[in-house]
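The structure appears below as structure tokens.
Every value quoted in this text rests on a predicted model; they were computed, and no experiment measured them.
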Amino acid sequence: MTMPVPAAVRARCRALLPPGEDMRYILPALSVGSPGMATFLIVVTDRSISVLSTKFFDQDAPTSVYATHARRTRLGPVEFSAGAAIELGDMVFEIDEEYAAVVRAADAEVFAPETLPPDPLPDL
């Protein structure tokens with residue numbers, strides 16, 4: 001089961017995003033390859049996908065926006081070879097396998113919204 005991202009982390013992410021963007025999904029990720037091994041938070045909003053740099057030993061502390069992608073950018077498919085991985089732009093990220101469902105939901109929201117179940121907790 002995917003653990004919800006704590007409110008304090010969501011607030012730190014929100015502070016780095018453009019005003020008025022509605023956060024939909026947040027997933028922790030580890031880059032593999034260029035720019036080297038680094039921790040990130042990938043934040044999907046209603047308008048964009050932002051890759052937030054974090055402190056290496058404190059992934060709950062985003063420090064800056066590393067990259068931004070259009071919301072119509074696919075996060076998936078999730079590749080399962082030596083763990084779960086996604087490619088976003090020119091970067092490859094390892095993610096915990098439990099976040100594969102988050103990747104699928106984020107993509108479905110844009111590319112196949114009819115496949116999404118209703119949000120059971122719409123006020124979170």
Exercise. Is there a path from Phe80 to Val32 through hydrophobic residues (I, L, V, M, F, W, Y) whose side chains come within less than 4.5 Å of each other?
Worked result: no
Exercise. Within the distance-only criterion (no hydrogens, no angle test), does the side chain of Thr54 pair as donor or acceptor with the backbone N or O of Thr39 below 3.5 angstrom?
Worked result: yes
For this session: State, yes or no, whether a side-chain contact exists between Phe93 and Leu88 at a heavy-atom distance under 4.5 Å.
Result: yes
Exercise. Are Ile42 and Ile26 close enough that some pair of their side-chain heavy atoms sits under 4.5 Å apart?
Worked result: no
Problem set entry | Leu27 and Asp96, any side-chain heavy atoms less than 4.5 Å apart | no
Exercise. Taking Arg12 for the side chain and Asp60 for the main chain, is one N or O donor matched with an acceptor at less than 3.5 Å?
Worked result: yes
Exercise. Distance only, no hydrogens: is a donor on one side chain within 3.5 Å (strictly under) of an acceptor on the other, for Thr68 and Ser48?
Worked result: no
For this session: Drop me the distance from Thr115's OG1 to Glu109's CD, to the nearest 0.5 angstrom.
Result: 10.5 Å
Exercise. Do any N or O atoms from the side chain of Arg47 and from the backbone of Gly20 form a donor-acceptor pair under 3.5 angstrom?
Worked result: yes
Exercise. Between Arg71 (side chain) and Thr45 (backbone), is there a donor-acceptor pair under 3.5 Å?
Worked result: yes
Exercise. Just by distance, do the side chain of Asp46 and the backbone of Asp22 share a donor-acceptor pair under 3.5 Å?
Worked result: yes
Seminar exercise, completed: CG (Leu17) and OG (Ser50) are apart, to the nearest 0.5 Å, by 5.0 Å
Problem set entry | Verify same cluster id: Val110, Val102 (apolar side-chain graph, 4.5 Å) | no
Exercise. Taking the side chain as C-beta and beyond, is there a heavy-atom pair between Ile49 and Leu75 under 4.5 Å?
Worked result: yes
For this session: Apply side chain to side chain contact (heavy atoms under 4.5 Å, CB included) to the pair Gln59 and Phe40, showing each step before the final yes or no.
Result: CA-CA 7 Å; Gln59 193 167 357; Phe40 293 91; 6.0 Å; no
Exercise. Is any side-chain heavy atom of Val92 less than 4.5 Å from a side-chain heavy atom of Ser31?
Worked result: no
Exercise. Any idea which heavy atoms bring Ile95 and Pro28 closest together, and the distance?
Worked result: CG2-O, 3.8 Å
For this session: Any chance you could lay out the side chain to side chain contact (heavy atoms under 4.5 Å, CB included) test for His69 and Val51, step after step, and finish with the verdict?
Result: CA-CA 8 Å; His69 302 275; Val51 179; 4.2 Å; yes
Problem set entry | N/O donor-acceptor pair under 3.5 Å between Ser53 side chain and Thr63 backbone | no
Problem set entry | Heavy-atom side-chain contact between Ser64 and Leu52 under 4.5 Å | no
